[in-house]
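Contents: one structure, followed by commentary.
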Amino acid sequence: MTSRLLTIDKRKRAPAPWWTRAVVYQVYARSFRDCDGDGIGDLRGVLRQVDYLAELGVDAVWLSPVYRSPQDDNGYDISDYQDIDPLFGTLGGLDQLIAALHERGIKLLMDLVVNHTSDEHPWFAESRSSADNPRRDWYWWRPARAGMEPGTPGAEPTNWGSLFSGPAWQYDTATGEYYLHLFSGKQPDLNWENPTVRRAIYAMMRWWLDRGVDGFRMDVINFISKDVRADGSLPDGPVSGLSGPYGDPGKGTINGPRVHEFLQEMHREVFAGRRDALLLVGETPGATVEDGLLFSDPRRGELDMVFTFEHVSLDQGPGGKFDHTPLDLRDLKATLGRWQAGLRDAGWNALYWDNHDQPRIVSRFGDDGAWRRESATMLATILHLHRGTPYVYQGEELGMTNAHFTSFDCYRDIESLRHVAQSRERGSLSDDQILAGLAAASRDNARTPVQWDASPNAGFTTGTPWIAVNPNYRLINAEAERADPASVFHYYRRLIALRHQDPVVQLGDFTMLLPEHPYVYAFTRRLDGTRLLVLGNFSGSDQTVGLAGHLDSGAELVIGNYPEPAQPLDGSVTVRPWEALVLRVTHPW
Ligand code: GLC
């Protein structure tokens, strides 16, 4: 009976892409493992851990930028797209890593940062050198606002603020004009309107694919098209308490008028003919579900999936990223549920809690104290059971926590440091308030070194780590996690294996249940005659929920994070603190 059903299914369904069965692991090399003792992680450190990645079971690695870079934004400021920074190793070392991963059946995605380069990229050096340099138009150069003295406050071509605080325009005395940088002044934005720029980028991408990489994670890829008017001017943005004194650049720079055209062109020029085995994932801050569908609908030939930012913005208050407010679980369900529904028939979700820009999820939506193991595994269960491709950020599989830094001098991240400088300048927040904001939301929370073992510096380096190791490494580390069958690490292994094996996890429909429950996250996944019921308790107390009709007798446990899973009784179930439960109901029809 079962095998006949499977045969029928196979015939009616086109084979799903490999990444519907895959889990991707992000390596932020600087904090992963250091092999040369300079306190900064490197490619040899990644190579040393390939068996660890294979043991975890991941299918692909996304490698954050290791290209040549002045490291103003830890490598997201690239000065040579086709070489490796000596901090991290050599091109030969990268080839070795790709080969070692491929031997273990693991693909490698490069981070593609093409909204901007470093100001030390030769393209920008030429562009800046004179107003009539052939590369002048590769970046966004504009004169001062009409009637204003160039270089004086308020004379910037638009009122845009940079995402790293301060104005988004840098005055350059060499030619008396300004260049645009949505991020730091050392990250000038490339001008994608110029077809020569686009051709140079596509050629570079083909070069990487020819070298053997399996795809790209595309940094702020929905920022590449700016809303430029026919006369070359760019629109001011609205000024709010939050962005003041600067205007919000969003409307003029995010999901701009030509973004889909550019991505379709990229697809034709770079991926056509060799695309099937690849994975293309876009980072798209500010993208709505509707945008997400446009980017990821395969018929449009753009990307395979995008990272939404909506669910990681729900615990921000009116003051923005560093104004932390507690999450209301109902908002999380509404947001992720909307993305599941919106990409149900076409497109695909990239699923994530953590990355190098986000605080650690167990500290953020879980409890990194008494319930660390339970809440880390519950959060993992909820994420990995959604329809989409899950991403695991280094250390997440160990239940690593936020840094809990208590002084300014612990911080290294440019965004955090700029925020401190700006907040102090404005004088609106006390130092304690600023520190509390950083403790909750700083990107450095994710950037403390991976905790490998209980030896000094968590086994990350024999030197002085570039950022402090979290002192909890003596308890939380890979060696201890691997030795304990009940650990967060082994639970992630089981979740990854489950996605590999179970077609319902890969392709089943998603239905949200109990949308108004403040503590329990519940949904079903359904494929043919099989239904999975997924429950997660986002609280430290017992929760009893009624799920008549979904809790049929005979449900079989698929995975749970308590040794003795909760038992449904008469259509209801009591889940314990941070408990996760996945049940399978197979109907005989
Ligand atoms: C992306 C990266 C982030 C970086 C920014 C500028 O958001 O993930 O780390 O600072 O783009 O490149």
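Counting starts at 1 for both ligands and their atoms, following the listed order. Scope of the values below: all heavy atoms of this structure, side chains included, with no hydrogens, waters or symmetry mates.
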task: Answer yes or no: are there more than 12 heavy-atom neighbours, outside Arg338 itself, under 6.0 Å from its atom CZ?
output: yes

statement: Within 4.0 Å of some non-hydrogen atom of Phe164, the atoms of ligand 1 are 10 (O)

- line: ligand 1 to His356, heavy atom cutoff 4.0 Å, flagged ligand atoms 2 (C), 3 (C), 8 (O), 9 (O)

- prompt: Taking non-hydrogen atoms only, is Arg443 closer than 4.0 angstrom to ligand 1 via side chain, backbone, both or neither?
  reply: side chain

message: Would Arg217 count as a contact residue for ligand 1, given that I'm defining contact as a non-hydrogen atom of the residue lying under 4.0 Å from a ligand atom?
response: yes

- prompt: Once the angle between the rings of Phe262 and Trp192 is folded into 0 to 90°, is it parallel (under 30°), tilted (30 to 60°) or perpendicular (over 60°)?
  reply: tilted

task: Assess Arg447 against Tyr411: is NZ or CZ under 6.0 Å from the centre of the six-membered ring, and within 45 degrees of the ring's axis?
output: no

- line: of all protein heavy atoms, closest to atom 1 (C) of ligand 1 is Asp219 OD1, 2.7 Å

statement: Under 4.0 Å from one or more heavy atoms of His116, ligand 1 contributes atoms 6 (C), 12 (O)

- line: Residue, atom and distance of the protein heavy atom nearest atom 7 (O) of ligand 1 read Glu283 OE2, 2.8 Å

field: Nearest neighbour in protein (non-hydrogen) for atom 8 (O) of ligand 1
entry: Asp357 OD2, 2.5 Å

- prompt: Charged N to carboxylate O under 4.0 angstrom, Arg44 versus Asp34?
  reply: no

- prompt: What's the shortest distance from atom 10 (O) of ligand 1 to any protein heavy atom, and which residue and atom give it?
  reply: Asp73 OD2, 2.5 Å

- prompt: With a 3.5 Å cut-off and no angle check, do the side chains of Thr284 and Asn222 form a donor-acceptor pair?
  reply: no

message: For atom 5 (C) of ligand 1, what's the nearest protein heavy-atom neighbour? Residue, atom name and distance, please.
response: Phe183 CE2, 3.7 Å

is_close_aromatic(Tyr171, Tyr179), centroid dist under 6.0 Å: no

message: Do Lys107 and Trp62 form a cation-pi contact, if we require the NZ or CZ to be under 6.0 Å from the six-membered ring centre and within 45 degrees of the ring's axis?
response: no

